[in-house]
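One structure is given here, and the rest of the page talks about it.
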Amino acid sequence: MESMGRIDMESKIFNIEPRDIIKRIEAIVEGYGLDEGLLAFKETERVMGIFPWWEAEVSAPMMSFFKEVRSRERREGHLMELERLRAGSPNVSISQPQAQMGIALPYCGAGIGQVNLLEPGSSAAYNNLSPT
């Protein structure tokens, strides 16, 4: 408990609010991107990293924030790539023929091995297609 009071005391002596640092760096990330936010965090850590409260109150929350931003950007990148691939792929339309072609068997007189094949639009029939 004594160390916690000391941490609060140090931040109040210098009038530094760790939450303000976090808000500023988050604003930089949202406004300028992750790379700029990381750069601002590293530069701030160079100066402020000497304080004992830095790791617990600023560094750890910022690392989880950066992790969330990275995973969000990765998801967005995957979605953009998927949309790009969908936009570049040709639309394939398969037209299935109607069930008009097929095998027509005569009503009577069909012998074994005799099949009548009808072509669409013609009245011609081919009989006895087995090789003889």
Side-chain angles (χ1 to χ4, degrees):
M1 194 66 165
E2 185 176 305
S3 65
M4 193 63 155
R6 183 171 164 233
I7 290 172
D8 290 339
M9 186 67 166
E10 284 180 0
S11 64
K12 292 198 184 339
I13 288 173
F14 295 106
N15 199 18
I16 299 168
E17 288 295 325
R19 186 67 201 147
D20 290 341
I21 296 170
I22 292 172
K23 285 180 185 177
R24 292 257 184 176
I25 295 174
E26 286 176 354
I28 291 170
V29 168
E30 294 301 322
Y32 297 106
L34 184 61
D35 292 337
E36 288 294 320
L38 283 169
L39 182 64
F41 174 75
K42 287 177 184 176
E43 293 298 320
T44 308
E45 186 174 42
R46 238 181 242 178
V47 175
M48 304 295 289
I50 60 171
F51 295 112
W53 49 266
W54 176 262
E55 185 63 35
E57 293 188 36
V58 178
S59 185
M62 287 309 306
M63 289 301 132
S64 67
F65 173 74
F66 288 141
K67 181 181 176 182
E68 290 172 17
V69 170
R70 268 192 217 103
S71 64
R72 182 182 68 206
E73 286 182 353
R74 193 171 294 127
R75 269 193 315 272
E76 289 172 356
H78 289 312
L79 289 174
M80 286 174 45
E81 181 68 16
L82 183 61
E83 287 300 317
R84 186 186 69 76
L85 290 173
R86 282 183 181 157
S89 67
N91 289 333
V92 177
S93 175
I94 299 175
S95 176
Q96 295 288 333
Q98 296 293 328
Q100 295 171 353
M101 291 180 49
I103 300 173
L105 297 175
Y107 288 104
C108 59
I112 297 176
Q114 180 181 358
V115 176
N116 295 330
L117 298 176
L118 299 178
E119 294 180 357
S122 73
S123 59
Y126 302 99
N127 293 326
N128 204 4
L129 295 178
S130 60
T132 54

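This is a predicted model, so every value here is computed, not measured. FYI, side chains are in, hydrogens and waters are out, and symmetry mates aren't considered; it's all heavy atoms of this structure.
Salt-bridge check for R24 with E43: failed, with every basic side-chain N at 4.0 Å or more from each acidic carboxylate O. A salt bridge is defined here as a Lys NZ or Arg NE, NH1 or NH2 lying under 4.0 Å from an Asp or Glu carboxylate O, and E83 with R86 meets this definition.
Ring geometry for F41 against W54 counts as parallel: the plane angle stays under 30°, on a 0 to 90° scale with 60° as the upper cut.
The heavy-atom pair separating V47 from I50 by the smallest distance is O-CG1, 3.8 Å. Pairing each heavy atom of A40 with each of I28, the nearest pair is CB-CD1, 3.7 Å. When every heavy atom of A56 is checked against every heavy atom of P61, the shortest pair comes out as O-CD, 3.7 Å.
For the pair I21/I25, a side-chain contact is recorded, criterion being any heavy-atom separation below 4.5 Å from C-beta on.
Under the 4.5 Å side-chain heavy-atom criterion for grouping Ile, Leu, Val, Met, Phe, Trp and Tyr, M63 is connected to L38 within one hydrophobic cluster.
Distance check, rounded to the nearest 0.5 Å: CD1 of I22 to CZ of F65 gives 10.0 Å. In this structure, the separation between CE on M62 and OG on S59 is 9.0 Å, given to the nearest 0.5 Å.
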Working for salt bridge (Lys or Arg N to Asp or Glu O under 4.0 Å), residues R84 and E81: CA-CA 5 Å; R84 186 186 69 76; E81 181 68 16; 2.6 Å; yes
Stepwise side-chain contact (heavy atoms from CB on, under 4.5 Å) check, H78 with L82: CA-CA 6 Å; H78 289 312; L82 183 61; over 6 Å; no
